[in-house]
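Chain naming here is simple, since letters A, B, ... match the order of the sequence lines and numbering starts at 1 in each.
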Amino acid sequence: MYDKKIDKKWQDIWEKEKCFQAVDDFNRKKFYSLIEFPYPSGAGLHVGHARAFMGMEVISRMKRMKGYNVLFPIGFDSFGLPTENYAMKTGIHPRKVTDDNIETFTKQLKSFGLSFDWNRVIDTTTPEYFKWTQWIFLKLFEHGMAYKDNTYVNYCPKCRVILANEESQGGLCDRCDSQIVQKEKEVWMLKITDYADKLLDELANLDFTPRVKLEQESWIGRSYGVEIDFGIENSDKKLKVYTTRPDTIFGVTFMAIAPEHKLLDELKGRITNFDEIIEYRKKASEKTEFERTKIAKDKTGVKVQGVYCINPVTNEKLSLVVADYVMLGYGTGAIMAVPAHDERDYEFAKKFNIDIKQVIAMDYTDVTNPPKEGAPNKEGNGVLVVLKHWNEEKYVCSIWKDYDWKNLITGGIEPGETALETAVREVKEETGYIDVKNVSYIPFEHFDSFYAAHKGVNKVVHQRDVFVELASGKQIEISEEEKKLVDNVWLTKEEMLETINKVHHKLVFDICVNGGRPYTGNGILINSEFLNGLNIKEATIKINEYLAENKLGTLKTNYHMKDWAFARQRYWGEPVPIVKCEKCGLVPMNEEDLPLTLPEVKDFMPGEDGESPLAKIDSWVNTICPKCGIAAKRETDTMPQWAGSSWYYLRYIDPKNSNCLASEDKLKYWLPVDWYNGGMEHVTRHLIYSRFWHRFLYDIGVVPTKEPYAKRTTQGLILGPDGNKMSKSKGNVINPDDIIKQYGTDTLRTYILFIGEYSQSAPWSENGVKGAKKFLDRIMRLKDIITNENTDSKELDREMHMMIKKVSNDYEEMKYNTAIACMMSYINLLYKQDKINIKYIKPLLQVLNPVAPHVTEELWELLELENNIFSTLWPEYNESKMVSDIIEMAVLINGTVRFRVTVDSYLNEIEIEKIVRKDDRLKQYTIDKQVKKIIVVKGRVINIVV
RNA sequence: GCGAGUAUGGCGAAAUUGGCAGACGCGCCAGACUUAGAAUCUGGUACCAACCGGUGUGUAGGUUCAAGUCCUAUUACUCGCACCA
């Protein structure tokens, strides 16, 4: 039996003998494994933490046994709002709250038996630590990467703090889920956008899971486009817009500008409805981010009276509108609107009755009859006709007799004819109907490309689409030829959409009966003067050249990621080491005066208007300017929660160094982190921030690697027994302490890893825990069947070596569930023997040790084996022991397993086939049948086709 | 809306990447040991027919000697981003 009393015994031994301390021995091969250090909340550790830590715990213990010098550190990310909120509520100082929580966390972590190096513990709230957080800030400031800006920022009214973009995803506060409002404020910003390209491009060289890479890519959100200056009528001023579609510039029918855009103020004197615009601006600012992006799909806006823009390419006069669907923070805060080819512009144009001008025509290639390479191209003009019944809601579909074509009436435009005339003529010729009530264009043109076999040419037909409505059923006789070719049938709208089997015909019909829509796909330029006939790619290149030559626009790359709002109006954070001097401006503190510590205060409440509590402490705020020595004031905002965690993995390398953040040779030895495991929720927050800081430190020569983490993996969530996310309100939270108390630490560890695929979420099951306990009991009971006698067998050898191989490989791939399953299978095999020699048990204990260290240490000791198990060498496997003399193969008749054969393993496919052919059992399946083919896949199956 | 992922017994899940579907665990059934229970051990356990056999990896097609795995369409759920110009 596995008695949980042994847990404490081994934990004490590990602690006393400092078994898992990393040593700075630069001659040994190193392995730096990292977990996300916890935030010491009052709630304690939960089973999710345990899962997150266990992944790297197994890797770390295995790597040690494989001879690596392993650094597996732990610390506490202790600045943050919950602690401060708790302090505000209870009046207990955050320092005290933090210390108490850290104590609880430490106790818990130790009870998990995790093999951390407890000698390197860090706490981000100690002055010894945040001295270097402040030092990095000074470096950022020195290199122009930290700046103060008066700008619109995300503000959480409930937490009363400014939030970074990363902390307000979806328009909600990361902490409290309140809706974020936009607030204009002067705050510290970090220029993370300067590093957007580096962060994006370097991803290619990193071993991060695909999902992590993808999320970072889309978060950074690079797009290539052009900034174009549009003129303002009767003014020298320009309206700069950003667009990724300069090819559509001939389709611009209006200009739109963000409500907060400065140009509006600059043109104030000329705008005759400025009051209306101010009113609109006010309304827009009151909307939360959430309303502006999610709920308010309905477009709103105000036309700017008295101001017109000039399209620099066409010199067309364009009206200007203020609309809050244009964001100040992206691009230039103004756009050229092309309703024909942009969904948002289209919606707006429809609502406000603005012209829609098509400049991209869909280029449809007939897939059943595509253009042939080498054949000459011939252009033409044609029409597609939607013909409507005179008194029913029905339309004509042409069904071809010799082909599988069901489509609209089509025809070529004759010289001198308009498309409308062609449509009427084709209707008459193909259907005989002559009494037309209405003829009009469907607002959609497109190209049809196909190979015209009878003429040996590739045709590219520019199609106009026409709607024809009949007044009556008056009909003339049509030619015999036409009658032979097609049947024209009347169908309802729904039947038409089901029947038409050519994609472009269906689209034209759909637009005709269900209304227009913006076309955003590929195509060929029309109505665009010198761009006509080009495809989008070619047109983009040509217009960009034109814009550059005429100094109208410049290429510009934009990012979805914004600069990092780096300030919290709170007490419990790192003070920003900057002094505001009336004469010198923003002055950095001298490095030797760091750390700048927090003053003792009684009142932690932030001010009503988002002011830091530090602002109320005059004795702290008032100081002298480090540059000129006159009276000055300190910056009162503190750094955000993410500051300390952006570089903590560096401090682990040299946690007690008081001269620098970590010594150069130690950094050189330990960096990069070889493997970092953590949560998906940090991918666009902590992970991106710390990559940014690290890259900056690399650029200024502080760290020796471009990237902090060589490999990044993520663990899945543990859900409650009910399959829901664990939460206090749902009452489905599992406390790891309870599990340890009842079943022992190793049971918790084993179950957590056995629960399912490591990166996937999985629900908790009490019965599953019992299963893990049973397995560990069976491990302990192995001592009952141990013997000194020789129990060697080829089968045992084979199974043991295969087990060692599978478990070793599975650990490396974080497939802990199948590794444990394999050990379970192996132990089942051991129990099938009456007695078993210890040599078959030792390797099992060794490979199980990373998962269940207490149990394996205990049994190792009981068996009086050498040393502690964790200091033994990882067992080797021998491929040659894994081969078997005979192999069993399944015989399939037409894909169904019918019987099995056992053959010697040295036989080749042909010899195996001979044996199977002679097998008596085959006969019953081949009566009245012939064996057509036999496929032998050695070691797997033999498939006989009859 | 865009992007990504998942879907397999009563349950958690495996499947060497195209080669015997359901390893391992839970649960359940039967048996052994027990006065009895607990624990432990042994055997069974996808479904239908219960004899030959047939059907099964969300749904519908396709490729192949062979498909959970590849292709096409489709549904449901999860996650990420979201008026990104």
Side-chain angles (χ1 to χ4, degrees), chain A residues 1 169-171 210-219 221-223 225-226 241-245 248 256 258 292-294 296-299 323-327 329-338 341-345 347-348 520 558-562 680-681 683-684 716-717 723 750-751 754-757 759-772 774-775 777-778 781 806 809 815 817-828 831-832 888-900 924 932-946:
Chain A
M1 281 284 282
Q169 296 184 20
R211 242 180 99 202
V212 171
K213 285 191 185 185
L214 207 72
E215 268 189 33
Q216 291 210 340
E217 271 164 25
S218 65
W219 184 256
R222 180 162 61 192
S223 74
V226 197
V241 303
Y242 174 74
T243 179
T244 55
R245 294 294 304 275
T248 60
R292 236 173 116 165
T293 56
K294 282 200 178 151
K297 279 284 169 203
D298 216 20
K299 298 279 179 293
D324 68 359
Y325 82 91
V326 181
M327 302 288 156
Y330 188 77
T332 61
I335 59 160
M336 58 177 223
V338 185
H341 305 291
D342 182 281
E343 276 171 43
R344 297 146 297 165
D345 298 347
E347 256 178 77
F348 191 90
T520 53
N558 257 327
Y559 305 91
H560 161 251
M561 187 168 69
K562 292 180 191 160
M680 213 54 218
E681 70 276 15
V683 170
T684 53
L717 242 45
T750 307
Y751 175 63
F754 188 59
I755 193 165
E757 213 226 294
S759 63
Q760 222 89 50
S761 56
W764 185 266
S765 150
E766 186 79 23
N767 280 329
V769 179
K770 287 181 194 155
K774 214 161 115 181
F775 167 61
D777 287 343
R778 277 161 75 79
R781 270 202 307 272
K806 172 135 182 81
N809 292 345
K815 288 156 91 174
N817 53 337
T818 49
I820 292 169
C822 177
M823 290 185 275
M824 286 171 167
S825 290
Y826 181 70
I827 203 173
N828 288 345
Y831 274 109
K832 290 225 166 68
E888 194 192 55
M889 289 171 68
V891 179
L892 286 65
I893 314 288
N894 287 343
T896 312
V897 185
R898 294 301 177 180
F899 58 93
R900 287 162 193 287
Q924 57 171 308
K932 265 199 204 158
K933 204 172 173 187
I934 297 186
I935 294 132
V936 179
V937 185
K938 197 175 165 188
R940 310 237 193 278
V941 292
I942 300 146
N943 197 9
I944 301 172
V945 189
V946 299

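For the pair R778(A) and N828(A), the minimum side-chain heavy-atom distance is below 4.5 Å. Looking at heavy atoms from C-beta onward, D345(A) lies in side-chain contact with I335(A) at the 4.5 angstrom threshold. Side-chain contact between V338(A) and M336(A): present, with at least one pair of heavy atoms (C-beta onward) separated by less than 4.5 Å. Using a 4.5 Å cut-off on side-chain heavy atoms (C-beta onward), V945(A) and N894(A) make contact.
E343(A) comes within 4.0 angstrom of no nucleic acid atom, judged by non-hydrogen atoms across all strands. Within the nucleic acid shown, R222(A) has no heavy atom closer than 4.0 Å to any nucleic acid atom. Backbone-only contact: N817(A) has heavy atoms under 4.0 Å from sugar-phosphate atoms and none from a base. Using a 4.0 Å heavy-atom distance criterion, K770(A) is classed as making no nucleic acid contact. Residue contacts for R900(A): at a heavy-atom cut-off of 4.0 Å it reaches a base atom on one of the strands shown. Using a 4.0 Å heavy-atom distance criterion, L214(A) is classed as a sugar-phosphate-only contact. Within 4.0 Å of G771(A), counting heavy atoms only, lie sugar-phosphate atoms of the nucleic acid but no base atom. Counting any heavy atom pair closer than 4.0 Å across all strands shown, E888(A) reaches a base atom. At a threshold of 4.0 angstrom between heavy atoms, the contacts of V945(A) are confined to the sugar-phosphate backbone, with no base atom among them. Residue N828(A) is in sugar-phosphate contact alone, with no base atom involved, counting any heavy-atom pair closer than 4.0 Å across all strands shown. At the heavy-atom level, R344(A) lies under 4.0 Å from base atoms of the strands shown. When heavy atoms are screened at a 4.0 angstrom cut-off, S765(A) is found touching no nucleic acid atom at all.
Ring geometry for Y751(A) against W764(A) counts as perpendicular: the plane angle is over 60°, on a 0 to 90° scale with 30° as the lower cut.
Distance noted for atom C1' between C48(B) and G9(B): 14 Å (whole Å). Here, U8(B) and C24(B) have their C1' atoms 16 Å apart, quoted to the whole Å. Comparing the C1' positions of U16(B) and C20(B) gives an interatomic distance of 14 Å, to the nearest angstrom. A distance of about 41 Å separates the C1' atoms of U34(B) and A15(B), rounded to the whole Å. Nucleotides U40(B) and A49(B) have their C1' atoms positioned 38 Å apart, rounded to a whole Å. Rounded to the nearest Å, the gap between the P atom of C33(B) and that of A50(B) is 36 Å. Here the separation of U57(B) from A13(B), taken at their C1' atoms, is 13 Å to the nearest Å. Across C28(B) and G22(B), the matching P atoms stand 24 Å from one another, rounded to whole Å.
Within 90° of 0 lies the glycosidic angle of G9(B), which makes this nucleotide syn. In textbook terms, a nucleotide whose glycosidic angle is within 90° of 0 is syn, and U17(B) is one such case.
With a 6.0 Å radius and a threshold of 12 heavy atoms from other residues, nucleotides or ligands, E343(A) has its CD atom at or below the threshold.
In terms of modelled atom types and a separation under 3.5 Å, the side chain of Q216(A) and the main chain of V683(A) share a donor-acceptor contact. The backbone N or O of I755(A) sits nowhere less than 3.5 Å from a side-chain atom of N817(A) that would complete a donor-acceptor pair.
Judged by distance alone, with hydrogens and angles left aside, K299(A) brings a side-chain donor or acceptor within reach of the base of C83(B), the pair sitting under 3.5 Å. Applying the 3.5 Å distance criterion, the base of C65(B) shares a donor-acceptor pair with the side chain of N943(A).
For the pair K299(A) and Y325(A), the cation-pi test (distance below 6.0 Å, angle within 45°) is passed.
In summary, of the residues considered (N943(A), V936(A), I942(A)), a side-chain contact (heavy atoms from CB on, under 4.5 Å) with V891(A) occurs for I942(A) alone.
Under the side chain to side chain contact (heavy atoms under 4.5 Å, CB included) criterion, K806(A) pairs with D810(A), T818(A), C822(A), sequence neighbours left out.
Per the geometry, CD1 belonging to I935(A) stands 14 Å off P belonging to C20(B), to the nearest Å. We find that CD of E757(A) is positioned 15 Å from C1' of U8(B), with the value rounded to whole Å. Regarding D342(A), its CG atom lies at a distance of 12 Å from the C1' atom of G1(B), rounded to whole Å. Residue F754(A) contributes atom CZ, which lies 17 Å from atom P of C11(B) at whole-angstrom precision. Going from atom CZ of F775(A) over to atom C1' of C24(B) covers 10 Å, rounded to whole Å.
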Using a cut-off of under 3.5 Å, enumerate the N/O to N/O pairs linking the protein to nucleotides 15-18 of chain B.
unit_1	atom_1	unit_2	atom_2	d
U16(B)	N3	R940(A)	NH1	3.4

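Closest-nucleotide positions on RNA chain B for Y330(A) and S218(A) were compared, and the one nearer the 5' end corresponds to S218(A).
Paired runs in RNA chain B that reach 3 or more consecutive Watson-Crick or G-U pairs, where each pair keeps both distances under 3.5 Å, cover B:1-7 with B:75-81, B:10-12 with B:24-26, B:27-32 with B:40-45, B:46-48 with B:53-55, B:58-62 with B:70-74.
Phosphate proximity of C26(B) to K774(A): present, with a side-chain N or O under 4.0 Å from OP1 or OP2.
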